[in-house]
Amino acid sequence: MIQTPFYLIDRAKLARNMALMDQLRHGSGAKTLLALKCFATWPVFDQMRDHMDGTTSSSLYELKLGAEKFGKETHAYSVAWADHEIAEAVGYADKIIFNSIGQLERFDNQSASINRGLRLNPRFSTSGFDLADPARPFSRLGEWDAGKIEGVMDRISGFMIHYNCENADFDLFDRQLGRIEDEFGPLLKRLKWVSLGGGIHFTGDGYPIDRLAARLRAFSDRFGVQVYLEPGEAAITGAASLEVTVLDTLNNGKDLAIVDASVEAHMLDLLIYRIPARIETSGPHPWMICGKSCLAGDVFGEFDFAKPLQVGDRISIADAAGYTMVKKNWFNGVRMPGIVVKELDGSLTLAREFGYADFIGNLG
Ligand SMILES: *Cc1c(COP(=O)(O)O)cnc(C)c1O
């Protein structure tokens, strides 16, 4: 028995996503690059590598990880590169994507040996949450003035346009891509590749993948470009859980269970976006599942159980792949969940354990 807490990555569930990934790649001709900022747990890259074309990154370290651990095609993007990073970044990257014309010009000489792109901000997005909205007012994420971009077209071969966010609505995607075609068509015609970023929820239940594939192929044909997608969440959705154990129970007006993990430390996105965790359970007994950090609001949510919870009960918290392991932290010194892989034959492999040495080494 592996000691909780641990993140459990299920290769069978990952395989389902990868089959849909192949359906989209083959149907559309688009290449898909894993967005490492969402998921960078490289012990399962062996499985993903056969169904994706490479990785994209948001920093030098992600870029290096992608080049070393995933291989294939490596795109380098960063909101801003530092002078001391650029030579190393160009060394790992097949393509480098600058966030601004200023950065493209600053690093023009150092980057001239590889394909270069620019981030285009279409000034709309599908995110309703301003923290995650690349089209928020005064957004720093990309250039939007076609007149200014015109001046650097001879130095770039592609655009990266990331504007979707867990978009499960194909018709909305279709309409918004149409707006991009209308507004930036003359520029798109002069490029070799266009990355449409991440945030398309094509592995969700019932998503019309074949319509998406046909739409992407039409876009690619119309402008003569290789299309890239940069799925993060869509690649790994539903593929991992956080496995925890109940350490204590009490009743302060509600039945409360304290588990051996923490929302703040191990599923931070739930706090940031103020959404409850997902625990698949039902029954007549409502319980509030609470984290063990001393943050008052360290609460996973309220769920109904078949039986009253007891110390030692095991609970599985779903949706623990995207934006979880990449954000885990040592707040409160809570034991960091290990990383466990459930193999296709059902056996468990402990990929990584964390201990006191990792905690103390993080701080000095
Ligand atoms: C976050 C991000 C992605 C991945 O987004 P998902 O919603 O996880 O698919 C892809 N590209 C860029 C530029 C991003 O910032």
Side-chain angles (χ1 to χ4, degrees), residues 14 17-18 20-21 24-25 30-41 48 51-63 65-66 70 73-81 89 93 95-100 103 117-122 124-136 139-144 158-170 172-173 176 180 193-204 207 209 212 216 227-240 268-269 272-273 275 319-327:
L14 193 54
N17 294 344
M18 292 299 108
L20 296 170
M21 188 74 65
L24 180 62
R25 289 160 77 223
K31 294 185 178 180
T32 63
L33 306 175
L34 176 65
L36 294 171
K37 85 160 192 276
C38 172
F39 183 83
T41 311
M48 305 177 81
H51 310 280
M52 300 186 73
D53 299 280
T55 56
T56 189
S57 52
S58 34
S59 65
L60 179 61
Y61 288 172
E62 280 187 359
L63 169 64
L65 187 154
F70 200 105
E73 200 167 333
T74 306
H75 284 203
Y77 167 73
S78 173
V79 170
W81 299 103
K95 293 187 176 66
I96 189 164
I97 296 150
F98 292 104
N99 184 66
S100 70
Q103 285 249 309
L118 183 67
R119 179 163 184 172
L120 175 74
N121 187 326
F124 52 78
S125 84
T126 65
S127 176
F129 202 85
D130 76 328
L131 185 66
D133 180 3
R136 78 210 300 269
S139 174
R140 71 193 182 298
L141 301 173
E143 298 279 357
W144 61 45
F159 282 156
M160 187 270 276
I161 320 172
H162 172 68
Y163 60 104
N164 286 281
C165 182
E166 294 202 27
N167 181 7
D169 179 347
F170 171 74
L172 176 62
F173 174 81
Q176 290 194 331
I180 290 172
W193 56 273
V194 173
S195 172
L196 295 172
I200 309 171
H201 208 53
F202 60 86
T203 51
Y207 191 94
I209 290 198
L212 175 64
L216 295 176
V227 171
Y228 288 88
L229 297 178
E230 303 175 353
E233 184 62 39
I236 46 67
T237 201
L268 184 58
D269 256 25
I272 294 176
Y273 294 100
I275 43 179
D319 297 333
Y323 302 99
T324 54
M325 286 171 254
V326 290
K327 291 193 176 192

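In each ligand, atom 1 is the first atom listed, and ligand 1 is the first ligand listed. On a predicted model such as this, the values are computed, not experimentally measured, just so you know.
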Best match, Gly199, Ser57, Cys165: closest heavy atom to atom 9 (O) of ligand 1
Gly199
Numbering as shown, the atoms of ligand 1 that approach Glu233 to under 4.0 Å (heavy-atom distance):
6 (P), 8 (O), 9 (O)
Atoms of ligand 1, numbered as shown, that sit under 4.0 Å from any heavy atom of Ala35
3 (C), 4 (C), 10 (C)
Rounding to 0.5 Å, atoms CD1 (Ile200) and CG (Asn164) come to a distance of 5.0 Å
Logged contact type for Glu166 with ligand 1, heavy-atom cut-off 4.0 Å, is neither
Could you tell me which non-hydrogen atom of Asp133 sits nearest to which non-hydrogen atom of Ser125, and how far apart they are?
OD1-OG, 2.6 Å
N/O donor-acceptor pairs under 3.5 Å from side chains in residues 320-327, not counting sequence neighbours:
from	atom 1	to	atom 2	distance (Å)
Thr324	OG1	Ala320	O	2.5
Thr324	OG1	Ala321	O	3.0
Lys327	NZ	Asp269	OD1	2.6

Give a yes or no answer on whether the side chain of Ser139 reaches the backbone of Pro134 with a donor-acceptor pair at less than 3.5 Å.
yes
How does His162 reach ligand 1, if at all, at less than 4.0 Å between non-hydrogen atoms: by side chain, backbone, both, or neither?
side chain
If we only count N/O pairs under 3.5 Å, is Ala234 in contact with ligand 1?
no
Looking at Tyr323, which atoms of ligand 1 are within less than 4.0 Å of one of its heavy atoms?
1 (C), 4 (C), 5 (O), 6 (P), 7 (O), 8 (O)
shortest atom 14 (C) of ligand 1-to-protein heavy-atom contact is with Lys37 NZ, 2.8 Å
Geometry only, no angles: is Glu230 polar-contacting ligand 1 at N/O separations under 3.5 Å?
yes
Are the ring centres of Tyr228 and His75 closer than 6.0 Å?
yes
Taking every heavy atom of Leu33 against every heavy atom of Asp53, the minimum-distance pair comes out as CD2-C, 3.9 Å
So if I count the atoms of ligand 1 from 1 in the order they appear, which ones are less than 4.0 Å from some heavy atom of Met160?
13 (C)
Mark yes or no for whether Asn17, through its side chain, and Ala239, through its backbone, hold a donor-acceptor pair below 3.5 Å.
no
Please check if the side chain of Asn121 supplies one atom and the backbone of Leu141 the other of a donor-acceptor pair under 3.5 Å.
yes
Where's the contact between Tyr77 and ligand 1, heavy-atom distance under 4.0 Å: side chain, backbone, both or neither?
neither
